[in-house]
Colleague: 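The following block contains the structure, expressed as structure tokens.
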Protein chains: 2
Amino acid sequence: MNDKVEIMPKHRILIVDDEAAIRDMLSIALDAAGFNVLEAANAQQAHASIIDNQPDLVLLDWMMPGTTGLELLRRLKRDELTAKIPIIMLTAKAEEDSKIAGLDAGADDYIPKPFSPRELISRVNAVLRRVGREALKEPITIGELIFDPLGHRVSIAGESINLGPTEYRLLQFFLTHQERVYSRGQILDYVWGGNVYLDERTVDVHIRRLRKAISVAGHENYVQTVRGAGYRFSAQMSNA
Amino acid sequence: MNDKVEIMPKHRILIVDDEAAIRDMLSIALDAAGFNVLEAANAQQAHASIIDNQPDLVLLDWMMPGTTGLELLRRLKRDELTAKIPIIMLTAKAEEDSKIAGLDAGADDYIPKPFSPRELISRVNAVLRRVGREALKEPITIGELIFDPLGHRVSIAGESINLGPTEYRLLQFFLTHQERVYSRGQILDYVWGGNVYLDERTVDVHIRRLRKAISVAGHENYVQTVRGAGYRFSAQMSNA
DNA sequence: TTTGCGCTGTCATATTTATGTCATGTTGGG
DNA sequence: CCCAACATGACATAAATATGACAGCGCAAA
């Protein structure tokens with residue numbers, strides 16, 4: 001058997017609420033429950049933080065000055081890159097309407113105020129468990145290449161492939177964003193995380209390492225160079 | 001200097017409202033803002049006008065006798081041909097319900113009555129801008145040729161075509177400006193960018209490279225030479 | 001604590017690809 | 001039939017990317 005003693009990395013939770021008091025309350029409760037807490041006071045901050053920090057879950061207040069929670073929710077769900085981040089709406093309105101509209105727009109759960117910290121934590125965990133299962137569910141197969149998120153393993157034609165952490169994330173990113181060109185800057189943002197300052201050429205090097213790793217058979221040209229634009233992962237071989 | 005006097009074609013806006021007074025008010029405001037205005041007094045007229053005139057945007061009253069705005073909205077969004085036309089709902093109901101239902105059904109924005117002409121114009125422009133941006137990401141298909149901006153890929157009959165960055169931009173320019181002649185100077189400006197000094201003959205060379213690249217089958221004469229004037233991209237083959 | 005090893009990011013250098021210009025061949029209209 | 005306009009292939013150069021090497025770092029085993 002394998003070493004399953006892996007430490008679960010702390011989940012990052014972003015709290016979006018215009019009232020500092022509520023943010024503090026939530027923050028304390030979530031922190032005590034072992035989460036990593038981020039905060040934003042409005043939709044703009046929230047959006048920036050989501051791009052930068054890629055939180056695992058967003059707690060989103062329904063009513064906010066300026067862009068409302070619902071609008072932000074829709075915007076997030078419209079963008080492919082943020083669409084899969086689970087959202088829990090918080091609302092003081094006890095009406096069914098809000099609940100339905102929120103869920104329709106893609107919220108994963110809905111917590112009416114007032115709520116107890118216990119209930120909050122329980123719902124958060126429930127949503128994380130659910131989406132966790134879904135996100136990690138099926139391995140991604142492409143030709144002979146199998147990417148198994150559960151086992152954190154990549155194999156080609158049965159042979160297990162050795163990838164460094166960065167190459168693993170890079171491959172995961174590509175597999176979940178196929179047939180589309182990404183600039184080096186974008187790749188740095190999505191694979192390395194928002195606020196790193198790195199030479200863009202670093203991407204080239206990791207691309208090369210990834211290519212080398214998966215080039216066991218003839219599986220090289222999945223990762224394609226698009227001159228002047230960036231890189232693209234494509235299942236459809238570009239040759240005849 | 002060059003002839004940069006390109007005329008922005010007026011956007012066509014369809015107003016759908018059963019009250020003539022409101023139609024007039026909207027019409028005047030939109031006309032003053034430089035839009036081309038169409039009108040319809042009920043859902044049937046509206047539907048016919050949308051099919052016939054392909055407006056760039058529809059202003060749709062929520063409450064109308066007979067088929068309501070919401071029903072028309074749903075119908076339009078169901079039909080592939082009209083699904084992409086942006087719709088702004090107008091409503092007297094200030095309730096969240098309407099807003100949510102409208103947005104859920106696919107409306108692009110929602111303006112509660114009463115509203116100022118200024119707000120109307122601003123929202124219309126905002127929606128048109130957003131839709132315009134999104135349109136840039138849509139693949140362009142012309143015969144067997146597919147131009148996919150997101151994948152940064154051009155293919156003919158399924159086969160991927162190899163283009164240099166400049167040829168790619170040149171093709172993109174032509175695809176978004178079809179059926180019109182552009183001088184070499186104009187093409188230099190649009191494709192190379194304003195401040196380059198290059199021999200105009202350079203355009204010829206790139207035109208040739210583009211032609212060669214897309215001439216896999218018989219797809220050559222999309223790019224047509226107009227003696228003494230420049231070049232034109234035309235989908236309708238000019239043979240025979 | 002020390003040692004060793006795998007990972008990373010950065011360079012300098014090699015390799016590939018794209019670009020603009022030129023010389024020369026073709027074409028079309030008057 | 002002639003001339004101006006356009007097409008084409010070749011080429012030197014510039015630009016972008018690939019590659020191999022390397023040193024610092026963190027972590028885990030000894």
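Proteins come first, then strands; the chains are lettered A, B, ... in the order of their sequence lines, and each starts at number 1. Just so you know, these numbers use all the heavy atoms, side chains as well, and skip hydrogens, waters and symmetry mates.
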Colleague: Just the rounded figure in Å: distance from P of D/dC11 to CZ of B/R209.
Modeller: 14 Å
Colleague: For the side chain to side chain contact (heavy atoms under 4.5 Å, CB included) test, which of A/N125, A/L30, A/I13, A/D109 pairs with A/L57?
Modeller: A/I13
Colleague: Could you state the NE2-P distance from B/H152 to D/dA16, rounded to the nearest angstrom?
Modeller: 13 Å
Colleague: Restricting to non-hydrogen atoms, name the atom on B/P55 and the atom on B/I85 that form the minimum distance, rounded to 0.1 Å.
Modeller: O-CG2, 3.8 Å
Colleague: If you take any heavy atom closer than 4.0 Å to DNA chain C, which residues from residues 162-171 of chain A end up in contact?
Modeller: A/P165, A/T166, A/E167
Colleague: To the nearest 0.5 Å, how far apart are CG in B/L145 and CG in B/L175?
Modeller: 6.5 Å
Colleague: Hydrogens and angles aside, do B/R232 and B/T225 bring a side-chain donor and acceptor to less than 3.5 Å of each other?
Modeller: no
Colleague: What are the bounds, 5' to 3', of the part of DNA chain C that sits under 4.0 Å from heavy atoms of chain B?
Modeller: C/dA18 to C/dG28
Colleague: Within this structure, what is the NE2-to-P distance between A/H206 and D/dT17, rounded to whole angstrom?
Modeller: 17 Å
Colleague: Can you tell me how far CG of B/L210 sits from OH of B/Y231, rounded to the nearest 0.5 angstrom?
Modeller: 11.0 Å
Colleague: So, B/R211 and B/Y222: side-chain donor and acceptor under 3.5 Å apart, yes or no?
Modeller: no
Colleague: I need the CZ-P distance between B/R201 and D/dG9, as an integer number of Å.
Modeller: 17 Å
Colleague: Determine whether the aromatic ring centres of residues A/Y182 and A/F173 are separated by less than 6.0 angstrom.
Modeller: yes
Colleague: If I take atom CD1 in residue B/I207 and atom P in nucleotide D/dT8, what distance separates them, rounded to the nearest angstrom?
Modeller: 11 Å
Colleague: Side chain of B/T176, backbone of B/Q172: donor and acceptor closer than 3.5 Å?
Modeller: yes
Colleague: What is the distance, rounded to the nearest whole Å, between atom CG of A/L210 and atom P of D/dA18?
Modeller: 12 Å
Colleague: Which whole-number value in Å describes the distance from A/Q224 CD to D/dT17 P?
Modeller: 15 Å
Colleague: What pair of heavy atoms forms the shortest contact from A/L73 to A/M89, and how long is it?
Modeller: CD2-SD, 3.8 Å
Colleague: When you measure only distances, ignoring hydrogens and angles, does the side chain of B/R208 come within 3.5 Å of the base of D/dA7 through a donor and an acceptor?
Modeller: no
Colleague: Given that A/R184 and A/V205 both sit by DNA chain D, which one's nearest nucleotide is further toward the 5' end?
Modeller: A/R184
Colleague: Strictly by modelled atom types, are A/D31 and A/S27 linked by a side-chain donor-acceptor pair under 3.5 Å?
Modeller: no
Colleague: Need the bend value for the helix from C/dT1-D/dA30 to C/dG30-D/dC1: angle between end axes, 5 pairs each end, nearest 10°.
Modeller: 30°
Colleague: Less than 6.0 angstrom separating the ring centers of A/F147 and A/Y168, yes or no?
Modeller: yes
Colleague: What is the separation between atom CZ on A/R227 and atom P on D/dA15, rounded to the nearest whole Å?
Modeller: 13 Å
